[in-house]
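In each ligand, atom 1 is the first atom listed, and ligand 1 is the first ligand listed.
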Amino acid sequence: MTEIFKGSFTQQEPIPEDGIRAAMEVLQHGRLHRYNLASGEDGETALLEREFAAYTGAKYALAVASGGYAMATALRAIGVKPGERVLTNAFTLAPVPGAIASIEAVPVFVGVTESLTIDLDDLRAKADQAAVLMLSHMRGHLCDMDQLIQICDEAGITVIEDCAHTMGAAWKGRPSGRDGLIGCYSTQTYKHMNSGEGGFFVTDDDEVMARAVILSGSYMLYGRNGVVPSAEVFERVKYHTPNVSGRMDNLRAAILRPQLAALEKQCAAWNDRYRVVEDGLRGTPGLTVVERPEEETYVGSSIQFLLLDWSEAAIADVLARCSKRGVELKWFGGAEPTGFTSRYDSWRYVSSERMPESDRVLKGIVDMRLPLTFSEKDCALISRIIRAEVGTVFQGQS
Ligand SMILES: *Cc1c(COP(=O)(O)O)cnc(C)c1O
């Protein structure tokens, strides 16, 4: 009998009951704006900022409207100017080059390795082209962060980390987002916490934080934020920093606080599912599992594998066959941008040189979400289906 999977790859878990209760309270008192506070009240957004700073070990955390907004704010807060070049990953999601382009800076793409991380040799080769790296931990894969920081320190490059897929991850125990000057996170529905839209900005730097708070739309009410530098620091920057509103509100913050408290447990649940799929796929002829380095603590909210050097037609065949059996795979390497396509050459507002080794990897990346609504049994079934269909197409090819 042909096994079919019936679950939905886009169905996340419901918002936890305590999040719903907290959201109802905000709706009932009506003070949704983060700076609309009753006397003596801290507000959900400020409390969330304190808790997120504590969670990441950062001196400061700022809650904002989206991950993309956090990244653009990071670039503005360190003074990136229009026309300035910013290094970033060739394999990432559209909001990353988009954040760079939003301030009229110019993305310069750095290649991707078979580990799906930034190519450090290519980074070294391009290190003299820019003073800033927007490092995207795409699909949760962390590069050798010690080496990366060494390269960037030597070249005088400021690192901003895009941690949209690494909230809860770490390199040698250091939380993702803490090696660079600034870490940016997203709480969009498909990330590790779900407020529909939302994001965070973390840093230890006083002046960068003061600028980010004013940029985010604090008016002159920055004293009501959760964790802020001293008044003198704001005095230095407040007259010269524009207000580019992108605040989080108390309703979203209320939903997020219980999710942050449960994040560690959720990450463990993702990894249980990830390992079932990974084990099921390992050893499939023609399929390359992306092995994770020992130094990396990852969060397996999605899984990638490579069909290296396969023809486009054969990859399309695998996707169609899996889809017929209910398994929704994403081909990030397709030439025509569709859905969440993540190839540097799909962003044609940027001129880029071809990177043949990266192109080979990008062409072969297949991606699958692992929502927590799947059981481990579901995951085993999914991996059996992929294994069978990849095997069938691979045999037909050779
Ligand atoms: C989702 C995502 C972002 C930013 O997300 P927003 O949708 O702007 O919150 C940034 N980088 C990557 C890799 C992402 O997947």
Side-chain angles (χ1 to χ4, degrees), residues 9-10 12 48 52 61-76 86-103 105 107 109-110 112 115-118 132-143 159-169 176-177 180 182-202 212 215-216 244-249 252-253 255-256 259-260 270 290 298-304 330 332-333 337-344 346-347 350 362 365 367-371:
F9 284 80
T10 51
Q12 304 292 56
L48 174 66
F52 197 72
L62 173 68
V64 294
S66 74
Y69 180 86
M71 290 187 282
T73 301
L75 294 166
R76 283 199 180 96
V86 175
L87 296 162
T88 194
N89 302 56
F91 174 48
T92 185
L93 198 73
V96 179
I100 298 169
S102 77
I103 60 157
F109 296 110
V110 183
V112 59
S115 309
L116 303 191
T117 55
I118 193 165
V132 177
L133 166 65
M134 174 67 79
L135 172 65
S136 184
H137 304 300
M138 180 61 174
R139 284 335 229 165
H141 296 274
L142 292 172
C143 69
V159 179
I160 301 168
E161 294 182 65
D162 163 24
C163 306
H165 302 157
T166 54
M167 189 186 280
S176 184
I182 299 165
C184 302
Y185 307 78
S186 171
T187 60
Q188 180 253 59
T189 294
Y190 297 113
K191 312 299 161 96
H192 299 170
M193 297 199 290
N194 173 12
S195 60
E197 305 291 348
F200 289 103
F201 172 111
V202 304
L215 281 163
S216 77
V244 186
S245 292
R247 293 171 299 271
M248 179 168 284
D249 56 82
R252 284 174 205 189
I255 294 173
L256 288 170
Q259 292 184 55
L260 181 57
W270 264 306
V290 181
Y298 60 89
V299 182
S301 54
S302 69
I303 189 164
Q304 294 69 46
K330 295 266 162 29
F332 279 175
T338 50
F340 295 101
T341 302
S342 305
R343 251 170 74 163
Y344 67 98
S346 34
W347 305 309
V350 192
L362 287 167
I365 301 175
D367 181 276
M368 184 175 77
R369 281 200 186 111
L370 288 172

Using modelled atom types only, decide if a donor and an acceptor are shared between the side chain of E161 and the backbone of G183 within a distance under 3.5 Å.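 Absent.
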Donor-acceptor pair, distance only, cut-off 3.5 Å: does the side chain of T88 make one with the backbone of M134?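 Flag set: sc T88 to bb M134 pair under 3.5 Å.
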Are there any protein N or O atoms under 3.5 Å from the N or O atoms of ligand 1? List them with distances, or say none.
from     : atom 1 : to   : atom 2 : distance (Å)
ligand 1 : 8 (O)  : G68  : N      : 2.7
ligand 1 : 9 (O)  : G67  : N      : 2.8
ligand 1 : 9 (O)  : S186 : OG     : 2.7
ligand 1 : 11 (N) : D162 : OD1    : 3.2
ligand 1 : 11 (N) : D162 : OD2    : 2.7
ligand 1 : 15 (O) : H165 : NE2    : 2.6
ligand 1 : 15 (O) : K191 : NZ     : 3.0

Compile the donor-acceptor pairs under 3.5 Å between side chains in residues 192-202 and protein atoms, sequence neighbours left out, one pair per line.
from : atom 1 : to   : atom 2 : distance (Å)
H192 : ND1    : M167 : O      : 2.8
H192 : NE2    : S301 : OG     : 2.7
N194 : OD1    : T189 : OG1    : 3.0
N194 : OD1    : G196 : N      : 3.0
S195 : OG     : T187 : O      : 3.4
S195 : OG     : T187 : OG1    : 2.8
S195 : OG     : E197 : O      : 2.7

Those residues that, when tested against K330, pass salt bridge (Lys or Arg N to Asp or Glu O under 4.0 Å) (two or more places apart):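 Expected list: E328.
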Report the residues that fulfil side-chain contact (heavy atoms from CB on, under 4.5 Å) with T117, sequence neighbours left out, ordered by chain and then residue number.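 Partners of T117 under the side-chain contact (heavy atoms from CB on, under 4.5 Å) test: T113, S115, H141, C143.
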Could you check R343, Q304, R139 and say which one makes a side chain to side chain contact (heavy atoms under 4.5 Å, CB included) with F332? R139
